[in-house]
Amino acid sequence: MESVSTKKNLELNGRKITLIGTAHVSPQSIQETRESIQNELPDCVAVELDSGRYDSMMNAEKYRDLDIIAVLKRGEALLVLANLVLGSFQKRMGQNVGVKPGDEMKAAIELAGEKNVPFELVDRPIKVTLNRAWAKNSFWGKCKLLSALIASAFSKEEVSPEEIESLKNQNEMDSMMRELSEFLPTVKEVLIDERDRFLAAKIWECKGRDGNPAQRITAVLGAGHLPGVQAHLEKIAAGEENTDTQEIASVPKKTLGAKIAGWTIPVLIVALIAAGFYFGGKRLGTKMLGSWVAWNSILAALGTIIAAGHPVSILVAFVGAPFTSLCPFIGVGFLAGIVQALVKKPKVRDIETLSDDAASLKGFYSNRITRVLLVFFLSSIGSSVGTFVAGASIVKNLTAAILKLFGK
């Protein structure tokens, strides 16, 4: 099988920067990475990793320390879920060629150590990237992002070694980026465009053993980032762009308007129900209140049932949803997930098999950790749908009552 080379040698302001574009589960990428470092002996090796993914790669037992209740309390359930899904997807891709995701990065780091060459982790923290992608998306965009994650998690499609190598081909990558841009333009902006800029800035700032700017840098990164990173490096060298990445290195803080918007639906629902009592009396007000409780309770509980939650978790979702839907500070998914983790405590086996179980629907349901994530996720979706359905029903009933009252 012939490997597609995506190596770029740049001469910028007297510095030599070699960009090696890889497919993250390609044996040829590992070979090309090692050969480049051995032949060029750079002053610094830059790899497309952040500290979190580096720790996961170097510590195969990382998930042994996972505390699912702490994850829920920190609001990181969706982050962990996305990490598991993406990790299992890449793991499946690499099975046919005997390569683990990121092996080329690990090879670069290990060889840099052997050659006494410093290495730099130049990617943005994945937590920041995923949180920015989530925060910048509309409700519809969030739905499409979740559907894409779920589809990739349980896809049975096998990828051949030839197809993996084609991921390094520029034409193939251009096509994929265009599809991503059309389907999820905001996600493409965060996952690709922003990270291209971030990667380029950090590569440019790489230091050599003496602490001075490295004059010869070898950077190992996914092939999809090559054109963007090269363009940003050239702009930095020309003085058209600086290396300040503070703007894209954190999740945007909620504005006052966004915080107020978080209370808009709860306040509106309460006001509408109060108006129902005022214009339609006790009967209409009670009917609207019952609609709110029923839709939230039933759909949140249904989501928990679909997640195969414990009966106590189902009860908590049923009782809690009408109240949590009116409070921006806590969601029913958090309550149901905490209860699920307490009544069905994860065992050592669940931690040991977590990454493997995340690769299949059956595994997601059999593993107690991923079951907690499913309870969190599906009960939250059920409550969200219930909020919109109940809201529509309340508006419809109130409108009908007002029109009847005024004889129209």
Side-chain angles (χ1 to χ4, degrees), residues 52-53 55-57 59-95 100-102 126-127 130-131 133-134 142-143 145-157 299-317 320 331-384:
R53 282 184 291 155
D55 290 342
S56 297
M57 181 180 296
N59 177 17
E61 307 297 319
K62 181 183 178 183
Y63 280 120
R64 285 181 178 274
D65 301 324
L66 181 66
D67 182 342
I68 191 62
I69 293 179
V71 166
L72 293 175
K73 288 181 178 179
R74 292 195 301 266
E76 296 178 353
L78 283 175
L79 174 66
V80 172
L81 184 63
N83 271 326
L84 287 171
V85 168
L86 293 172
S88 65
F89 176 69
Q90 284 194 325
K91 185 175 181 180
R92 277 203 313 277
M93 286 182 65
Q95 283 177 342
K100 295 178 182 178
I126 189 169
K127 179 178 179 179
L130 292 176
N131 281 341
W134 187 256
K142 288 180 173 68
C143 292
L145 176 58
L146 288 172
S147 66
L149 280 173
I150 294 170
S152 66
F154 306 125
S155 170
K156 297 299 182 182
E157 181 181 0
L299 292 183
L302 180 61
T304 311
I305 291 171
I306 294 173
H310 189 275
V312 179
S313 301
I314 297 170
L315 179 62
V316 167
V332 71
F334 172 78
L335 296 179
I338 289 287
V339 171
Q340 180 70 27
L342 290 174
V343 297
K344 298 290 284 186
K345 292 182 180 179
K347 299 179 179 179
V348 173
R349 179 260 173 203
D350 298 302
I351 298 174
E352 291 176 341
T353 62
L354 182 57
S355 59
D356 291 330
D357 289 339
S360 69
L361 185 60
K362 180 181 178 181
F364 249 86
Y365 276 91
S366 65
N367 189 293
R368 293 189 175 199
I369 293 175
T370 48
R371 182 90 64 84
V372 170
L373 295 175
L374 281 175
V375 167
F376 165 85
F377 178 60
L378 294 179
S379 63
S380 298
I381 288 181
S383 181
S384 296

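What's counted below: heavy atoms across the whole structure, side chains too, no hydrogens, waters or symmetry copies.
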Could you tell me which non-hydrogen atom of [X] sits nearest to which non-hydrogen atom of [Y], and how far apart they are?
{"X": "Phe376", "Y": "Phe334", "result": "CD1-N, 3.7 Å"}
{"X": "Val316", "Y": "Val332", "result": "O-CG2, 4.5 Å"}
{"X": "Gly333", "Y": "Ser379", "result": "CA-OG, 3.3 Å"}

Return all side-chain donor-acceptor pairs below 3.5 angstrom for residues 368-375, not counting sequence neighbours, or 'none' if the list is empty.
from, atom 1, to, atom 2, distance (Å)
Arg368, NH1, Lys345, O, 3.0
Thr370, OG1, Phe364, O, 2.8
Thr370, OG1, Asn367, O, 3.1
Arg371, NE, Tyr365, O, 2.6
Arg371, NH1, Ala308, O, 3.0
Arg371, NH2, Tyr365, O, 2.6

(message) For Leu342 and Ile69: C-alpha separation, side-chain torsions, deciding distance, then whether side-chain contact (heavy atoms from CB on, under 4.5 Å) applies.
(response) CA-CA 8 Å; Leu342 290 174; Ile69 293 179; 3.6 Å; yes
(request) List for me each residue that meets salt bridge (charged side-chain N to carboxylate O under 4.0 Å, His left out) alongside Lys127, sequence neighbours excluded, and say none if there are none. (result) Glu76
(request) Nearest 0.5 Å please: distance from the CG atom of Leu302 over to the OG atom of Ser383. (result) 12.5 Å
(request) Decide yes or no for Thr304 and Leu378: does some side-chain heavy atom of the first lie under 4.5 Å from some side-chain heavy atom of the second? (result)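 Thr304 vs Leu378: side chains apart.
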(message) What I'd like to find out is whether the side chain of Ile68 reaches to under 4.5 Å of the side chain of Pro346, using heavy atoms alone.
(response)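 Yes, side chains in contact.
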(request) Mind checking side chain to side chain donor-acceptor pair (under 3.5 Å) for Ser313 and listing every partner two or more places apart, or none if nothing turns up? (result)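 Only Gln340 meet the side chain to side chain donor-acceptor pair (under 3.5 Å) criterion with Ser313.
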